[in-house]
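Reading through the structure tokens given below for one structure.
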Amino acid sequence: MKKIYLLPFLLFATASCEKDFLNQTNPNAVAVDTYFKTENDVLLAVNGVYNILRSGSGIGETSALYSEERSDNTGRDDNQSNAGEPFQFNDFSLLAGNTYLKTHWVKMYEGIYRCNALLSNIDKVTFADENTRERYKAETKFIRALLYFHMVRKWGDIPLSTTMLTNKDEVDALAFRQKEDVVYQQIVQDLQDALTSNIPNTQWDYQIGRASKAAIHSLLGQVYLTMGSTLAANKQENYQLAEAQLTLAYGMRTFGKLTEIPYADVFDVAKKTTNKELIFQVQNIQGDQNYHSSIAANNQARGEFINSLRPSTGSGGNVTHDLVYDYEANDARKTFSIKFATDAQVNDWFITKFRDASSAAGENGWGGNDWILIRYADVMLLLAETKMNLGKDAEAIAILDEVRERAGLPSYAVSRTDATYNTNYPTLKEALLHERRVELAFENHRWFDLIRNYTAQELVTYFGTKKQENFGNAKLSNISTKDRYYPIPFDEYKLNPEKMYQNEGY
């Protein structure tokens, strides 16, 4: 199959000085309402929508600050750099005035704006084949749903917009927080709409890096699972819907058992266009100054060259000792994902999961890693979690065992006979959370796994069981029930404290 890269096309620019959260006016930008004239214009705009997924201020490969660093997997010890603002995320001392938090909020809404602008104008354009129009709509709705899903889990109630806003009155009318369940309804609607198109089952049937029905089913299944676990209403129904969607996604795989795909192959730059475990990924171009991946080089520790040929002067990607100790003996994923750097200035663990030490990436560290957003091991463990919530433990364990088998670990039944394993993971729920932790480490899933499985109070209790010595300078004692959600950025709250009310505790 011909390899096609989705190179960015910047169509919609954001304003840098306006306060309104959806104000995207820029006098130098292309006028959106006059831009859409040809089918190719729409294609370029679709590529612009995909481009938003590259941003580290959104959900791109360098966005761990907004998810993984909030969890017990990683974080940072430096509480001085950049006024200590990044440190606030894993120290549970996040302030509403944090500028990184505001940047994340704005970047996510920029992506949603791009989706809304495209969907509001696409029907003005004549298409040679109506199926192409519907496919572009499906891709755009998938991305809008993905962005809203990230936001609603982090902030809870948020402003909701599905149309292109063209003036201040329209912005003001929508500048209020919609309830979580309303936002979830829109996410579900977008994904259901996307499934009615002729979009192919897999990215391999379409273009690598584009949405597919497998990706849509996967995301919709996770949405239903999250709704079942976190919303008060219709829990059983949502779990059943999650099981149906995740089963459909799993049924679209083009391999047999997960053991057919070595764990290291999932992250092998040379195999990223052929590895059938990958469902949806953000593409990067090896050796390209503008569109390369930086994750391998950024995670490199001083004195090491396992990730990249670019020399490092830092400590690399931080790994909590709590995670290091959570890997079981002989787990192949530990050997691949982390390494101890013996340099005197480091003398600690760093992330090695994302590697490109090839001559093509060179000493600039312009790697070719794609950023994987959805893969089958993730889907399988979500399906196992769903089945557990439906009381189908035997089916859940069968899936869990397949994931463990690839990692070179014994089955769940055998592991339960080990006193240490049984003490650490006394229930199937805790065993599944553990498995997702070590399977998906540093892929920005862990925080969402925790808030899906624990209430706010349970989250405090969970972190309270941890040893402070395994988390460096970040103080676990800071956590409280308020930390289940992020604060609404202060600039947004102060516009209208009644409609943009602050989350409790901030």
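Residue numbers count from 1 along this sequence.
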**OP:** Go through the steps for L373 and L146 under the test side chain to side chain contact (heavy atoms under 4.5 Å, CB included), then give the verdict.
**Re:** CA-CA 10 Å; L373 290 174; L146 179 65; 4.2 Å; yes
Original post:
Step by step, would you call L390 with T386 a side chain to side chain contact (heavy atoms under 4.5 Å, CB included)?
Top reply: CA-CA 6 Å; L390 289 170; T386 302; 4.3 Å; yes
**OP:** Answer whether the closest heavy-atom distance between the side chains of F448 and R153 falls below 4.5 Å.
**Re:** yes
Original post:
Any side-chain heavy atom of D483 within less than 4.5 Å of one from L459?
Top reply: no
Original post:
Got a salt bridge between E110 and R114, using NZ or NE/NH1/NH2 to carboxylate O under 4.0 Å?
Top reply: yes
**OP:** Using the salt bridge (charged side-chain N to carboxylate O under 4.0 Å, His left out) rule, collect all pairs that involve residues 235-256, keeping only residues at least two apart or in two chains.
**Re:** E243-K387, E243-K392
Subject >> Residue pair E139, V46: steps toward the side chain to side chain contact (heavy atoms under 4.5 Å, CB included) verdict >> reply: CA-CA 8 Å; E139 293 177 75; V46 171; 4.2 Å; yes
Original post:
When rounded to the nearest 0.5 angstrom, what distance separates CG in L278 from OG1 in T202?
Top reply: 11.5 Å
Subject >> D193 CG to K137 NZ distance, which is reported to the nearest 0.5 Å >> reply: 9.5 Å
Subject >> Residues forming a side-chain hydrogen bond (donor to acceptor under 3.5 Å, both in side chains) with R404, sequence neighbours excluded >> reply: E328, S415, E435
Original post:
Is the side chain of R177 donor-acceptor paired with the backbone N or O of D157 at a distance under 3.5 Å, no angle test?
Top reply: yes
Original post:
What pairs of residues pass the salt bridge (charged side-chain N to carboxylate O under 4.0 Å, His left out) test when at least one of them lies in residues 440-452, not counting sequence neighbours?
Top reply: D72-R446, K353-E443, R375-E443, E385-R452, R436-D449, D449-R452
Original post:
Nearest heavy-atom pair of A194 and I216: which atoms, and what distance?
Top reply: CB-CD1, 3.6 Å
Original post:
With sequence neighbours left out, which residue pairs that include part of residues 224-252 fulfil the ring-ring contact (aromatic ring centres under 6.0 Å, His included) condition?
Top reply: none
Original post:
So, do R310 and N298 sit near enough that their side-chain heavy atoms are less than 4.5 Å apart?
Top reply: yes
**OP:** Using modelled atom types only, decide if a donor and an acceptor are shared between the side chain of K272 and the backbone of G368 within a distance under 3.5 Å.
**Re:** yes
Original post:
Which atom names give the shortest non-hydrogen contact between E439 and A377, and what distance separates them?
Top reply: OE2-CB, 3.4 Å
Original post:
Can N116 and S120 be counted as having a side-chain donor-acceptor contact under 3.5 angstrom?
Top reply: no
Subject >> Minimum heavy-atom distance L258-R406, with the two atoms named >> reply: O-CD, 3.5 Å
Original post:
Between Y184 and T226, is any pair of side-chain heavy atoms under 4.5 Å apart?
Top reply: yes
Subject >> Inter- and intrachain pairs under ring-ring contact (aromatic ring centres under 6.0 Å, His included), touching residues 364-384, at least two apart >> reply: F255-Y376, H292-W366, F354-W371
Original post:
Q281 side chain to I372 main-chain N or O, any donor-acceptor pair under 3.5 Å?
Top reply: no
Original post:
Does the pair K179/D181 count as a salt bridge with the N-to-O cut at 4.0 Å?
Top reply: no
Subject >> Flag for D41-T38: side-chain donor and acceptor within less than 3.5 Å >> reply: yes
**OP:** Could you tell me whether the side chain of Q286 and the main chain of A360 form a donor-acceptor pair under 3.5 Å?
**Re:** no
Subject >> Spacing of CG belonging to L381 relative to CG belonging to L440, to within rounding of 0.5 Å >> reply: 6.5 Å
Original post:
How long is the span from the CG atom in L231 to the CD atom in E180, to the nearest 0.5 Å?
Top reply: 6.0 Å
**OP:** Look only at the side chain of T352 and the backbone of S337, and say whether a donor-acceptor pair between them is shorter than 3.5 Å.
**Re:** yes
Original post:
Any luck finding a side-chain donor-acceptor pair between N369 and E61 under 3.5 Å?
Top reply: no
Subject >> Interatomic spacing from CD in Q222 to CG in D378 - rounded to 0.5 Å >> reply: 6.0 Å
Original post:
Any sub-3.5 Å donor-acceptor pair from N364's side-chain atoms to G287's backbone N or O?
Top reply: no
Original post:
Taking the six-membered ring for Trp, are Y263 and F336 parallel (under 30°), tilted (30 to 60°) or perpendicular (over 60°)?
Top reply: perpendicular
**OP:** Ignoring hydrogens and angles, state whether a donor on the side chain of Q186 or T162 is under 3.5 Å from an acceptor on the partner side chain.
**Re:** no
Subject >> Worked verdict on Y100 versus Y66 for ring pair (Phe, Tyr, Trp, His ring centres under 6.0 Å) >> reply: CA-CA 9 Å; Y100 288 81; Y66 307 110; 7.5 Å; no
**OP:** Name the orientation class of the two ring planes belonging to F127 and Y136 (parallel below 30°, tilted from 30 to 60°, perpendicular beyond 60°).
**Re:** perpendicular
**OP:** Using the salt bridge (charged side-chain N to carboxylate O under 4.0 Å, His left out) rule, collect all pairs that involve residues 254-268, keeping only residues at least two apart or in two chains.
**Re:** K257-E405, D265-K271
Subject >> S212 side chain near D205 side chain, heavy-atom distance below 4.5 Å >> reply: no
Subject >> Within-4.5 Å side-chain heavy-atom neighbours: I295 and N284 >> reply: no
Subject >> Shortest non-hydrogen separation from C115 to I143 and the atoms involved >> reply: SG-CG2, 4.1 Å
Subject >> Under 3.5 Å: donor-acceptor pair, side chain of R70, backbone of F89 >> reply: yes
Original post:
Is the backbone of T74 close enough, under 3.5 Å, to the side chain of E69 for a donor and an acceptor to pair up by distance?
Top reply: no
Original post:
Side chains of R76 and N90: donor-acceptor distance under 3.5 Å anywhere?
Top reply: no
**OP:** Could you point out which residue of F149, Y485, W105 forms a ring-ring contact (aromatic ring centres under 6.0 Å, His included) with W155?
**Re:** W105
Original post:
Strictly by modelled atom types, are Y425 and D326 linked by a side-chain donor-acceptor pair under 3.5 Å?
Top reply: yes
Subject >> Steps toward side chain to side chain contact (heavy atoms under 4.5 Å, CB included) verdict (I338, F350) >> reply: CA-CA 6 Å; I338 61 176; F350 70 103; over 6 Å; no
Subject >> Expected output: side-chain E39 to main-chain A128 donor-acceptor under 3.5 Å >> reply: yes
Original post:
Got a salt bridge between D322 and R437, using NZ or NE/NH1/NH2 to carboxylate O under 4.0 Å?
Top reply: yes
Original post:
Quick one: does D401's side chain have a donor or acceptor within less than 3.5 Å of a partner on Y412's backbone?
Top reply: yes
Original post:
Given side chains that start at C-beta, do those of E492 and K102 come closer than 4.5 Å, heavy atoms only?
Top reply: yes
Subject >> Heavy-atom side-chain proximity of T132 to V42 below 4.5 angstrom >> reply: no
**OP:** Would you check, one step at a time, whether the test side-chain hydrogen bond (donor to acceptor under 3.5 Å, both in side chains) holds for R355 with N299?
**Re:** CA-CA 9 Å; R355 311 176 184 183; N299 283 322; over 6 Å; no
